[in-house]
Amino acid sequence: MKISVDQSKCCGSGMCVLTDPDLFDQNEEDGTVVLLVEQPDAAHEATAKEAASLCPASAITIS
Amino acid sequence: MTELISEELPKTRQNPFDPPAGVTEIRNKARISRLKFADGHLGWLVTGHHQVREILGSPKFTNNPEKHHVFDKRFQSDVPEDRRKAEPGMFLSQDPPDHTRLRKMLQGQFTVRRMNQLSEWIGTIVDDQLKHMRTFDGRADLVKEFALPVPSLVICALLGVEYDERHRFQEDTAKMLSLDSSFKEAMAAMQRIQDFMRELIARKKANPGGDDMISDLLATGEPTDEEASNMAMLLLLAGHETTANMLGIGTFTLLQHPDQLKILKDEPEIIDNAVEELMRYLSIIHFGPMRTATEDVEIDGHLIKAGDTVLMHVPTANRDPEKYPGNPDELDLRRPASGHVAFGHGIHQCLGQQLARIEMRIGFSKLFQEFPDLRLDVAPEDVPLRTDMGIYGVHSLPVAWSS
Ligand code: HEM
Ligand code: SF4
């Protein structure tokens, strides 16, 4: 599984960080998403998917 | 396709916690249907969870108030055209790129990490307010003494507004948001808040370096003064009555669901999930959000034409059995409640949601720890409901305690 994020779409809602702070963080400056882990291990696959589906701005994609 | 048409939005609630049965009936027939607006427009009513998300997530809709048709005379009646314009800085009403530019200036101040760092401080505000409640000798109005002061104190301090000045706009905020106010009163109240905000901006500019959100915002040098004062006003308005109403009606809900309250007391670690479930179950933004299509768009087989206004009904969407199968109408503090649309969806999704979550987490936890035998001090049917207000909740909540 591979996660990618699009900062230009992100509206800094923090939903991804709330869902899995191991995978996502937010930039201190403008609150946009910072991807911590591109290829999550099996233990984080479910939360990665959840974060992608919760993201209000469709800024997270899973492939 | 023949569409279901409603002459008006059913507003009668059968009990304090469930959405009007009439809207649930509409949802069960058609998650997207047509609704007659007060100005004669044949608009749309969206009651399905998936459909609300799709519309709020779509760039083909705007929240510009100039584009919206009038859904209910009491809400938008005699507003003159020029007053419906989105003011510079009111990014809730703006589209990209303005929305993006303005929201970005604040996003860094509302991150999950920043908000978590406030936990301890918010805890002391809650503790102080609970001590204050204790001075009332066994009975008090929870709204007046707890639910409203906590978020007001928090937002004032975050924005850098002095204690003495709080009263200057707290009353005006209530006037502005109350449907009991005449249009003239509401506009006068808004004017006073705007004047107050302008003064505040001028003062902060004259004394830079303050440790608050407005000072930080001004320090970026990005917003114009007018934008900054309207942004501050938006934060104040959006940040204070909403959380207050969740604390008020949330407490009422827990007191009326003793089995659920017991679960929360026995398993305090479920508080974060309990907050999500209360948000879903109560859905206090109960008329809206609203959007107007900027081009023709097909949603779920329905052709929404450019210029059509759509009213989203969050309370029924958050109880859509397609999203929450089984028992969507029950309060279940252990259910996976995430994914609700009580904070909206799309680029306008609530900027203050992480702050609101923390205020509720700490507020509910400490309230029931401090007052384990808290109970209602009137018959449940005598609790005055904010049925006709833009933000749902209770006007007051008389409570009592013995220890
Ligand atoms: C339980 C409490 C709250 C609820 C239920 C709530 C709900 C909402 C909803 C539904 C929206 C989206 C409106 C739309 O799409 O038309 C929104 C937007 C917003 N909220 Fe909240 N909110 C709460 C607390 C707060 C707090 C504490 C703050 C700030 C300190 C805040 C600031 C904002 C702002 C600035 C927006 C506009 C965002 C934008 O347009 O990009 N809210 N809120
Ligand atoms: S959930 Fe989406 S919009 Fe929110 S911070 Fe993460 S990437 Fe950005």
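Just so you know, these numbers use all the heavy atoms, side chains as well, and skip hydrogens, waters and symmetry mates. Just so it is clear: chains get the letters A, B, ... in the order the sequence lines come, proteins before strands, and each one is counted from 1.
- Closest approach of A:Cys11 and B:Gly346 over heavy atoms only: SG-O, 4.0 Å.
- For the set B:Gln109, B:Arg114, B:Arg53, B:Met105, the entry with the most heavy-atom pairs within less than 4.5 Å of chain A is B:Arg53.
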> What do the steps show when you test A:Glu29 against B:Lys104 for salt bridge (Lys or Arg N to Asp or Glu O under 4.0 Å), and what is the final call?
Replying inline: CA-CA 9 Å; A:Glu29 274 299 294; B:Lys104 254 203 177 130; over 6 Å; no
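- For CD of B:Glu120, the number of neighbouring non-hydrogen atoms (other residues, nucleotides, ligands) closer than 6.0 Å is 12 at most.
- Distance OG1/B:Thr100 to CG/A:Asp30: 11.5 Å, rounded to 0.5 Å.
- Taking a 6.0 Å sphere around CG of B:Asp211, one finds it holds 12 or fewer heavy atoms contributed by other residues, nucleotides or ligands.
- A distance of 8.5 Å separates CG in A:Leu54 from CD in B:Gln349, rounded to the nearest 0.5 Å.
- In terms of modelled atom types and a separation under 3.5 Å, the side chain of A:Gln26 and the main chain of B:Val112 share a donor-acceptor contact.
- Applying the 6.0 Å contact sphere to NZ of B:Lys323 captures more than 12 heavy atoms from other residues, nucleotides or ligands.
- A pairwise comparison of heavy atoms in B:Arg113 and A:Asp25 identifies NH2-OD2, 2.5 Å as the closest pair.
- Residues of residues 332-339 of chain B having a heavy atom under 4.5 Å from any heavy atom of chain A, listed by number: B:Ser338, B:Gly339.
- Contact of A:Ser13 with chain B is made through backbone and side chain together, with heavy-atom distances under 4.5 Å.
- Between A:Asn27 and B:Gln107 there is no side-chain heavy-atom pair separated by less than 4.5 Å.
- Note: A:Gly14 leads A:Cys10, A:Gly14, A:Pro21 in heavy-atom pairs under 4.5 Å with chain B.
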> Under the side-chain contact (heavy atoms from CB on, under 4.5 Å) criterion, do A:Val17 and B:Gln354 qualify, and how do the steps go?
Replying inline: CA-CA 11 Å; A:Val17 185; B:Gln354 310 307 346; over 6 Å; no
